[in-house]
Amino acid sequence: MHIIESGNVAAATGVKLARAQVIAAYPITPQTPLTEKLSEFVESQELDAQYIPVESEHSAMAVCIAASSAGARAFTATSANGLLYMNEQLHWAVGARLPVVMCVANRGIGAPWTVWNDQQDSMSQRDVGWIQLYANDHQQIIDSVIKAFRLAQSVSIPVMVCYDGYLLSHTYMPFERPGQEQVDAFLPSFTPKHFLNPDEPGNFNTVTLPDIRPGVDGTMEPGYIEIRHNLHQDLRGALEVYADIDAEYEKECGRGGTPFVEQYRCDDAECVAVAVGSLSYQLRDVIDILRLEGLRVGVMSVQMYRPFPDGAIVEALAGRKSVIVFEKALSYGNQGPLYADIKAALYSRGDRPPMQNYILGLGGREIKTSQLLDALRQSCSAIEAIDDTPRWIGLKL
Amino acid sequence: MAHRDFCKMISRSKPGPGDGGKTGSWRVLRPILHAEKCIPVKAGKKACFNCWLYCPDCVVTKTIPPTIDLEYCKGCGICAEECPADAIDMVAEDSFSVKEK
Amino acid sequence: MRKDIIEIRWHGRGGQGAITAAKIVANAAFVSGYKGVVMAPTFGTERRGAPVFTSLKISPEKIYDLSPITTPDMVVVLDHTLLEEVDVADGLKDGGLVVLNAPKPAGEYRFGGARVGVADVTAHAVAAGLPPGIVNSGIIGAFSRASGLVDIDILIPAIKKEFIGKRPEENAMAAKRAYENTAFGE
């Protein structure tokens, strides 16, 4: 059934359908309406869960870690500085292999203080080891949240579902809410591989020596580097798992089929624009206009950023005449993080295209369709002028 | 499709004595229990057992009299500090003969 | 830039319910067959009493541009006192429409060459049994009449549904009264 609600409510509805059992959160704009909605669901007993208010984001993740360690389906949400305050616990959650799911309503990071959208917050967390999914609209928010719980429990790795603050979190648009039976069939309850069990006591995540060593029963225990290597291999393996989960969801709910990248008018495109989140949809209007002008252009959104779907990205971009990456994040002193990752993925290809990086929209600076039109028209029609230095859109210096 | 066996390797070990080896050899001071001062012994029933409660290595038993597992006792002296009857003395290890050790 | 999108900007004050009003119209538009419906409130801090606006875009096709409206086809003003603070007709397209809650006759208000629809929503809401100052249900009636975009018979049940537990009948009546008493000027 279709409903018209905000992106935050779309996320909360997904969490409710996924039957999260423990929710711990600390309010921060623009995420707050999401966890407020969840507290309403718990209060009205529409959702049978423990809602644990905490005094900080660090504690929110600590509670999720504890709940997940006990085998519960745990959820939290945050934005910007709240996410960064959680950082140490993010590393812990993934190192302990806990299937926590978290929404990040993307917001710029202070200083200077801002409440508006960019993607610096979650992009800066790309190296912690969490899986990162990005949604382009409300439908993808609710679907991604449900798929995220399934993915997290399948691979024992926490998942971040990211969506643009305000642009998606606070706007209203129609989306379809899957039925509870559909979600229950897709997302059965589960028993984690490792959890706190009084019948089978164990030492979890104690000091782990640099080298392997025998345990009390003589079996060899892995060292730190083995455990971390295993996490990396599991993350790479999660790509395949997510493709299957997405296909299954598509079969069940009729939506999906683009687990890694979503392409629009890319079939015969010489120039492909790349973006993450709602910006990639805004670019579709730009593509339509440029197509009328005779330019063979398309746009691709990256929907999973970690693990990095380099195979899908190379397949989509190798051999094009140019690739233009629009980013609301920056690895300060270098380039946009997605731009650098895509460039690295294409490096070994003889048919790698020239690439241009645009930085825009930081701290909620409005992105006008006309600006995107100018930038893309220029980069697609004068490929020889493309260079490796990021260009900024909308700066008023 | 068959996937890899996920989460095969985490930091999880079986608990048991000697996870860090036989730590008794680390000891500089040895706890010696004087049963005539020990409250449970004198009372003939379960009493304070602060030694058992506070021992960070769980080498003191909750028995009458309490016993201390010297294979693992590191000699920290917390039991002696916490004993309300001063029934435990910390005695230098080198005062015990090599043979006894 | 897309020609298929109808852009409606709602002006109100924080707490006055412009978002709820726009949401009810968005729902009704979707039910009426518009596939593309996007409603975007002012991004940022929410302060009671301060002027705010909400963008509502409606189209037969999915809408991808979430940015605020700058060239509206229609403007809805929940509170005529805003006229002294805000240029509500800013960017209004030629032949556009202004729907206004105001006590004076429609002829008293001019916004360039725009069509003007006026109803004393504040008074009609009180007459319908609502406490003074509840204008967001009533303005929907005036909007329906002036714009002809969404049928009042679809809006009335939508209002009742939105205001469950919050005087649904009175709110529906306020919209109905405003609908029947919207006057036009230029």
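Numbers restart at 1 for each chain; the letters A, B, ... are given by sequence-line order, proteins then strands.
- For OH of A:Y85, the number of neighbouring non-hydrogen atoms (other residues, nucleotides, ligands) closer than 6.0 Å is 12 at most.
- Screening A:N230, A:D234, A:L231 against B:M9 for a side-chain contact (heavy atoms from CB on, under 4.5 Å) leaves a single residue, A:N230.
- Applying the 6.0 Å contact sphere to NE2 of B:H34 captures more than 12 heavy atoms from other residues, nucleotides or ligands.
- The distance from the CD1 atom of B:I10 to the NE2 atom of A:H194 is 4.0 Å, given to the nearest 0.5 Å.
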Steps toward side chain to side chain contact (heavy atoms under 4.5 Å, CB included) verdict (A:T206, B:S11): CA-CA 7 Å; A:T206 51; B:S11 172; 4.3 Å; yes
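- Atom CZ of A:F195 has more than 12 heavy atoms from other residues, nucleotides or ligands within 6.0 Å.
- Interface remark: A:S154 contributes backbone atoms only to the contact with chain B (heavy atom separation under 4.5 Å).
- In this structure, the separation between OG on B:S13 and CD on A:E221 is 5.5 Å, given to the nearest 0.5 Å.
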Can you check side chain to side chain contact (heavy atoms under 4.5 Å, CB included) on A:D244 and B:H3, steps first, answer last? CA-CA 10 Å; A:D244 287 355; B:H3 295 300; 3.0 Å; yes
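- Contacts between A:D217 and chain B at a heavy-atom distance below 4.5 Å involve the side chain alone, from C-beta outward.
- Only the side chain of B:R4 has a heavy atom closer than 4.5 Å to any heavy atom of chain A.
- Across all non-hydrogen atoms, the minimal contact from B:C7 to A:K193 is O-CD, 3.8 Å.
- To the nearest 0.5 Å, the span separating CG on A:N203 from NZ on B:K14 amounts to 11.5 Å.
- A:P201 touches chain B through backbone and side chain together, each having a heavy atom under 4.5 Å away.
- Atom CD of A:Q233 is surrounded by more than 12 heavy atoms from other residues, nucleotides or ligands within 6.0 Å.
- A 6.0 Å sphere centred on CD1 of B:I32 holds more than 12 heavy atoms belonging to other residues, nucleotides or ligands.
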